[in-house]
Amino acid sequence: MPPLAAGLYIVATPIGNLGDISARALAVLAGASLIACEDTRVTGKLLHHFGIATRMTPYHDHNADRMRPGIIARALVDPVALVSDAGTPLISDPGCKLVAEARAAGVNVVAVPGPSAAIAALSIAGLPTDRFLFAGFLPAKAGARAAAIAELAAVPATLVFYEAGPRLAATLAALHDGLGDRPAAVGRELTKRHEELVDGPLSALAARWADSPPKGELVIIVGPPLAAPPPAATDIDSALATALETMRVKDAARHVADAMGLHKSSVYARALALKNGQ
Ligand code: SAM
């Protein structure tokens, strides 16, 4: 491979199975002049496994502000890679400010895509993927968590969360409370030896782990809002009967149709029949 051009390479690494690293990721990690990583011990093991000796520098939440200018200056003249402990950098991982500031400084920022737990779980959950919202980790405290879930309740999309084992049951119960009993799935230890994907309604998933928190890393996928069932004919009749006490047939039909989200013509026909005693 020809020498890498100067720039900041955002390199995805495996979320468990080392076989998932891409040929390009290996070439970029081997060809970079420096690898910025969350934890040099974690990335060191990965590099050692693949026989790569590129120098590493730590870049994490506690030193990011101090490290950013130097990494950006280096990426203007040399190839620099950014990796996280696992998966795609910036996805619930450090790197967002680094990428933004590097781009503003004129650095060539290059994606080297690959594994991400959110996409891996979505790809096997069997829930709608045409629209999804990645919500990352919910707040740990119950009140803040409920508020965050309430904000998402009306979003017409599949929702994707990251979670840790000890909090899984409480989070699933809070999702059930806030979103209703939607179809959902929990992906655990994906691509690893004990990987599993369990699906079912949120209530059943919450009950399953209520007394025995699972070990390992988890993704929760929740299907989009459930369509409201159509109102029962008896409910429509009773709303019409009430409306007809004070309104003309046409107005009563419009009032009930608007309130119940129904077509005016069919409600009008029913209002007329009720008025005529049928
Ligand atoms: N950047 C990573 C990515 O692209 O997936 C995510 C980093 S985030 C700090 C770590 C969280 O991702 C874990 O707590 C877990 O929720 C999820 N995760 C990572 N690896 C996983 C795996 N193999 N199976 C299930 N979830 C995983």
Side-chain angles (χ1 to χ4, degrees), residues 8-22 24-25 28-29 35-43 45-46 49 58-64 81-100 109-127 129 132-140 145 148-149 152 158-172 174-175 184-200 202 205-206 208-209 213-222:
L8 179 64
Y9 294 78
I10 308 302
V11 182
T13 58
I15 56 169
N17 188 324
L18 294 184
D20 291 337
I21 196 140
S22 73
R24 184 160 169 249
V28 168
L29 293 176
I35 300 173
C37 51
E38 269 188 285
D39 185 332
T40 53
R41 284 163 308 177
V42 173
T43 300
K45 280 189 199 152
L46 181 80
H49 179 87
Y59 182 77
H60 46 65
D61 289 345
H62 305 294
N63 73 356
L82 174 73
V83 299
S84 53
D85 284 352
T88 300
L90 279 77
I91 308 301
S92 287
D93 265 338
C96 188
K97 278 192 182 166
L98 178 61
V99 166
V109 180
V110 181
V112 184
S116 185
I119 301 297
L122 271 173
S123 73
I124 55 171
L127 290 164
T129 50
F132 61 85
L133 185 146
F134 174 67
F137 290 95
L138 283 164
R145 183 173 57 204
I149 292 171
L152 297 169
T158 290
L159 305 173
V160 183
F161 302 94
Y162 283 164
E163 193 47 284
R167 291 211 299 254
L168 179 65
T171 297
L172 289 169
L175 288 167
V186 173
R188 190 173 76 84
E189 295 286 90
L190 298 174
T191 79
K192 302 184 196 177
R193 187 208 288 246
H194 298 295
E195 76 177 308
E196 64 174 347
L197 185 115
V198 182
D199 56 18
L202 279 168
L205 294 178
R208 176 186 171 117
W209 284 292
K215 291 206 169 73
E217 301 195 280
L218 305 159
V219 181
I220 303 172
I221 310 276
V222 181

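Just follow the structure's listing: the first ligand is 1, and inside any ligand the first atom is 1. Computed from a predicted structure; not experimentally measured.
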Part of L218 with heavy atoms under 4.0 Å of ligand 1, whether side chain, backbone, both or neither: backbone

Backbone or side-chain N or O of P115 under 3.5 Å from ligand 1 N or O: no

Heavy atoms from other residues, nucleotides or ligands near CZ of F132 exceed 12 (cutoff 6.0 Å): no

Under 4.0 Å to a heavy atom of G87 - the qualifying atoms of ligand 1, by number: 3 (C), 4 (O)

Nearest protein heavy atom with distance in Å, relative to atom 22 (C) of ligand 1: L190 N, 3.5 Å

Numbered atoms of ligand 1 (with element) below 4.0 Å of F137, judged on heavy atoms: 8 (S), 11 (C), 14 (O)

Heavy atom of the protein closest to atom 2 (C) of ligand 1 (residue, atom name, distance): A86 O, 3.3 Å

Other residues, nucleotides, ligands: >12 heavy atoms within 6.0 Å of K45 NZ: no

Side chain, backbone, both or neither: the part of P89 lying under 4.0 Å from ligand 1 by heavy atom: neither

Shortest protein contact, atom 20 (N) of ligand 1 (heavy atom only): E217 OE1, 3.3 Å

For ligand 1, the portion of D93 having any non-hydrogen atom under 4.0 Å away: side chain

Closest protein heavy atom (residue, atom, distance) for atom 9 (C) of ligand 1: S92 O, 3.2 Å

Where ligand 1 meets I91 - atom numbers and elements under 4.0 angstrom, heavy-atom basis: 1 (N), 2 (C), 4 (O), 6 (C), 7 (C)

From CG (L8) to CD1 (I10), nearest 0.5 Å: 4.0 Å

Nearest heavy-atom neighbours spanning V160 and A118: CG1-CB, 3.8 Å

Separation of H60 NE2 from D93 CG (nearest 0.5 Å): 13.0 Å

Element-labelled atoms of ligand 1 that are located less than 4.0 Å from some non-hydrogen atom of E189: 23 (N), 24 (N), 25 (C)

Ligand 1 atoms in contact with K192 (distance to a heavy atom under 4.0 Å): 23 (N)

Spacing of OH belonging to Y9 relative to CZ belonging to R24, to within rounding of 0.5 Å: 8.0 Å

Distance (rounded to the nearest 0.5 Å) between E38 CD and H62 NE2: 10.0 Å

Separation of W209 CH2 from T171 OG1 (nearest 0.5 Å): 12.0 Å

Polar atom proximity, T191 to ligand 1 (N or O, under 3.5 Å): no

Selected option - heavy-atom contact closest to atom 27 (C) of ligand 1, from A121, A117, G16: A117

Backbone N/O of P58 and side chain of N63: donor-acceptor pair under 3.5 Å: yes

T191 side chain near P14 side chain, heavy-atom distance below 4.5 Å: no

Polar contact flag for Y162 and ligand 1 (N/O pairs, less than 3.5 Å): yes

Ligand 1 atoms in contact with T88 (distance to a heavy atom under 4.0 Å): 1 (N), 3 (C), 4 (O)

Inter-residue atom distance E189.CD - I15.CD1, 0.5 Å rounding: 9.5 Å

